[in-house]
Amino acid sequence: MVKAKASSYLLEQYQVMEGMEEQHGVLKRKLPAILDIIADAEEQAAKHREGAKAWLEALRKVAYQANDVFDEFAYEALRRKAMKEGHYKMLGMGAIKLFPSHNRVVFRHRMGNKLRMVLQAIEVLIAKMNAFRFEFRPGHPVPVNYLRENSSQINDPMDIARASRDEDRKKVVKALIDQVNNVNLTIFPIIGMGGLGKTTLAQLVYNDPDIQKHFQLRLWVCVSDYFDVDSLAKRIVEENGCQASGNSALDKLQSAVSGKRYLLVLDDVWNRDEAHKWEKLKSYLEHGGSGSSVLTTTRDQEVAQLMMGTTEGAYKLGNLGDDFLAEIIKMRAFSSKQEKDWPHDLVNMVGDFVKRCAGSPLAATALGSMLSTKTTVDEWKDVLSRRAICDEKNGILPILKLSYNCLPSHMRQCFAFCAMFPKDYEIDVEMLIQLWMANGFIPEKKGAHPETYGKNIFIELASRSFFQDVKGIPFEFNDIEVSRVTCKIHDLMHDVALDSMGKECAAIATEESKSEDFPHSARHLLLSGYNPEIVLNASQEKGSPVIQTLLCEEYVYGDLQHLSKYMSARALRIKTERALFLKPRCLHHLRYLDLSRSDIKSVPEDIRILYHLQTLNLSDCDNLERLPKGMKYMTALRHMYTHGCQKLNSMPADLRHLTSIQRLTCFVASAGSDCSKVGELGRLDDLGGHLELRQLENVKEADAKEAKLRNKKNLDRLTLRWTNSDKEVENSDGGVLESLEPHDGLKVLRIYSCSIDTCPAWMNKLQGIVELELSDCKTLKKLPAIFPLLEKLLIIGCKSLAALPKASITKETFGGIETEYRSAFPALKEMELEDVDMFQRWEAGEEGTLEEQNGVESCHV
């Protein structure tokens, strides 16, 4: 990353390293020498050679230091670019305050000293490198197109795991059902090392038909390492949709289970220090009916003993059979080939790898995925020779770490960064990719958007089992209810990330932490719990902050007194009512800023000098009234989330200059002369995802045409909203609506308060649409004839609508295929009609109810 920044054309274009050419040249020559031997240094460190580990740690610190230096050079280049384009004129006298060291002589002197310090540190590293005699070790080349074809079609190895655990399932089911007359609460732990499939077995039991019939109530919650009784009780009640009464969460839990024979699964319990807390929770669970049971999964026998009082009744999960492990490895390793095409010389080696898996299906899955990138016997032998066989002490961590070490370096960095998230944390993948971008982990690739490259990295890591519980792959539109992709990380894989990152990543629950426990070496930090500002403020009094990523999960009520000291910050997520504590002149490196759900009325005007900023999330800031002027100079901006800002009534001028924009979730049209017009969207060619256009009464037909929504092929959801729903003139908005024609592949369309008598002609072209909502279109009389893929239809407040389209047998040709339809909406699953005064009928070509004609799953009128 540093090497790429040192060679950036931007630095030469604006001559920001003037007078430092010699040092710059030396640095560009020295960096490749270090990069050539890093693989050998890492291998030596993995063999517990302390000198190599210390050298790598020193290298890492210098790399961070150099990264900051070159970021400052890049920022100076962007500042000079903005000055050339007139930004200083807009800033006026404020420019002196915002750029106190803008004088070129002062800048050259200050940065020359910083660059010399980096060079001196690198010279020391090279001297030690030579003393250690690190060697160049060329690795096997990683295919350019490393994303396997049809990766979503890979057979799930857990199907094999389910088959292999069938006998285990039967035994556990019988043991639970046999407790039917037991008046005492049964505690039934499943014990086994990480990665054996304890959770899979618990899921098989939980969903077994006999279990479903036997228990009146089934509950599931993942505990992980933090066993807080009140929060756990709250999660059990809320996550399982229990009907309960009571003041506290524990009272509600007791109410939910009282008198019912229930099964509660506590997945992944492994904290030995929580015995007294378990007894408290148990006292509230003992009010269920006879035969009630708590099924737990744990990797720790002592935890099982604390919960049961003994381990005699626990179910000890054994290793998976070698045959099943071999099948998992083969299916992963040869996923792109049919069985008849599997190479025999490699298949014959599978047995050697089975021995390395310690009976773990997770290890087999990870190892097989890694082997899929190797195509020769020598490459497979090389993998076999790298690590010793797993022992009881280390479990399968060496196997998983081996898979990690075989990743390309940028993918290792992307995954290791995830150590900052707590175990069992649901990660928003779009946010994760943006954080990768903010920290420079995604390499620049000519002709490719970093978001696309980041998605490919994520899909590849998920295919290799580094991520699990992935919802929403592929990233294209797939769900009308949930538009985001999420994932989790298996505990063992999380351990791999922690093992790699050391103390650079940390997740802290503020209610448990003490100031002396604060990880001062952490560069990537996630804070959960209340009053995170207290912990942060106390910690900064004792040390200089090196934080690059700071994510606060809860609301920040007080001031963050030392935020201006986070000079290396690349990413901040803070919910607050005081945006003024942000000091943009101190946060020049910032790429990611998330103030969503804050109570702010405005964003500091100075934010416009964050020339590096890529992501600005202001979503659901209910009181936000305006955006900063001069945002057109923030040309690095790629994602701007403004949806849910109900008081926002305009957009800053000249947003057409933000040509890198990929996401702009809400555009508010204004009649003001100093605001951006809808037509400026026409210049934003890569706009995609969800777009909402508000206050469309301020838009002229010609301006709507200039928006060129039809060219924005990446849009999958479009919301068009007029403010006034009381217009009586039919079709007064028709011209604007007709001019806002989207591309034919749109999936979701919502139109609010539009005065039209018929839908626009382009709506008939939306043959792939799956959700349509028409609300408060009071003069609308007729809908388009047919939507073959429509699943959800909402018609609210369309008082002039007399009927829905005729449901008759018709034949239509789509994509060259002739299809027979019995309804205007043959795929409809959910329909809601509300406040449609003139509505008389669903025109039917044959007798029968709406549900009978169309297979509708949910209909509300």
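Numbers for residues simply follow the sequence, beginning at 1.
Contact annotation: the side chain of Leu35 approaches that of Ile38 to within less than 4.5 Å [non-hydrogen atoms, C-beta and beyond]. Using a 4.5 Å cut-off on side-chain heavy atoms (C-beta onward), Thr365 and Arg332 make contact. In this structure the side chain of Leu527 reaches within 4.5 angstrom of the side chain of Leu550, judged on heavy atoms. You'll find the side chain of Phe415 stays beyond 4.5 Å of the side chain of Ser500, heavy atoms only. The side-chain heavy atoms of Asp382 and Glu379, taken from C-beta on, include no pair separated by under 4.5 Å. Annotation: side chain of Arg165 is in contact with side chain of Leu317 (closest heavy-atom distance under 4.5 Å). Between Pro443 and Tyr453 there is a side-chain heavy-atom pair separated by less than 4.5 Å. Contact annotation: the side chain of Cys418 never approaches that of Phe466 to less than 4.5 Å [non-hydrogen atoms, C-beta and beyond].
Shown here are the ring-ring contact (aromatic ring centres under 6.0 Å, His included) partners of Phe334, two or more places apart in sequence or in another chain: Trp342, Trp380. For Asp323, there are no side-chain hydrogen bond (donor to acceptor under 3.5 Å, both in side chains) partners, not counting sequence neighbours. Residues passing the side-chain hydrogen bond (donor to acceptor under 3.5 Å, both in side chains) test with Thr549 are Asn439, His524, sequence neighbours excluded. Partners of Asp267 under the side-chain hydrogen bond (donor to acceptor under 3.5 Å, both in side chains) rule, at least two apart in sequence or in another chain, are Thr199, Thr297. Annotation: side-chain hydrogen bond (donor to acceptor under 3.5 Å, both in side chains) contacts of Glu430 (sequence neighbours excluded): Tyr641.
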Requested in this report: Quick one: do Leu295 and Val172 satisfy side-chain contact (heavy atoms from CB on, under 4.5 Å)? Show the steps, please.
Outcome: CA-CA 9 Å; Leu295 177 67; Val172 176; 4.3 Å; yes
Report task. Apply the test side-chain contact (heavy atoms from CB on, under 4.5 Å) to residues Thr375 and Leu346: give CA-CA distance (whole Å), side-chain angles for both, the deciding distance (0.1 Å), then the verdict. Result -> CA-CA 8 Å; Thr375 56; Leu346 298 183; 5.8 Å; no
Query raised in the report: Going through the distances and angles, do Val265 and Gln203 end up as a side-chain contact (heavy atoms from CB on, under 4.5 Å)?
Result: CA-CA 9 Å; Val265 177; Gln203 291 169 338; over 6 Å; no
Report task. Take Lys198 and Asp268 through the test salt bridge (charged side-chain N to carboxylate O under 4.0 Å, His left out) and record every step on the way to the result. Result -> CA-CA 9 Å; Lys198 300 184 297 295; Asp268 196 20; over 6 Å; no
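No salt bridge links Arg356 with Asp352; every basic N to acidic carboxylate O contact stays at or beyond 4.0 Å. Salt-bridge formation is not detected for the pair Lys381/Asp378: no Lys NZ or Arg NE/NH1/NH2 atom is positioned less than 4.0 Å from an Asp or Glu carboxylate oxygen. At a threshold of 4.0 Å, the pair Arg484-Glu426 counts as salt-bridged, since one of the basic side-chain nitrogens sits closer than that to a carboxylate oxygen.
Between the side chain of Asn67 and the backbone N or O of Ala63, no donor-acceptor pair lies under 3.5 Å. Without hydrogens or angle criteria, Trp436 side chain to Ile442 main chain gives no donor-acceptor distance under 3.5 Å. Panel note: side chain Arg591, backbone Arg570; no donor-acceptor pair is recorded below 3.5 Å. Distance alone, capped at 3.5 Å, places no donor-acceptor pair between the Thr486 side chain and the Lys471 backbone. Looking at Asn240, its side chain does come within 3.5 Å of a backbone N or O of Ile236 through a donor-acceptor pair. Remark: the backbone N or O of Gly195 is paired with a side-chain donor or acceptor of Ser360 at under 3.5 angstrom.
The two residues Pro361 and Ile328 have their closest heavy-atom pair at CB-CD1, 4.0 Å. Closest of all the heavy-atom pairs between Leu407 and Arg412 is O-NH1, 2.8 Å. The two residues Pro343 and Lys337 come nearest to each other via the heavy atoms CD-CD, 4.3 Å. Contact record, Val429 with Cys487: CG2-SG, 4.0 Å, taken as the closest heavy-atom pair. When all heavy atoms of Ser465 and Met493 are compared, the pair lying nearest together is O-CE, 3.4 Å. Here the shortest heavy-atom pairing between Asp40 and Phe134 reads OD2-CA, 3.2 Å.
Interatomic distance, Leu204 CG to Asp168 CG, rounded to the nearest 0.5 Å: 9.5 Å. In this structure, CD1 on Ile508 lies 5.0 Å from CG on Leu525, to the nearest 0.5 angstrom. The CG atom of Asp424 lies 10.5 Å from the NE2 atom of His490; values are rounded to the nearest 0.5 Å. Expressed to the nearest 0.5 Å, how far CE of Met349 lies from CG of Leu371 amounts to 8.5 Å. Annotation: the span from Ile489 atom CD1 to Ile427 atom CD1 amounts to 4.0 Å, rounded to 0.5 Å. Leu325 contributes atom CG, which lies 5.5 Å from atom SG of Cys357 (distance to the nearest 0.5 angstrom).
Ring geometry, Tyr425 versus Phe421: the interplanar angle falls under 30°, so the pair is classed parallel (tilted spans 30 to 60°).
Here ring-ring contact (aromatic ring centres under 6.0 Å, His included) pairs that include residues 187-210, with residues two or more places apart or in two chains, are Tyr206-Trp220.
No more than 12 heavy atoms of other residues, nucleotides or ligands lie within 6.0 Å of CD in Glu444, so this atom counts as exposed by the packing criterion.
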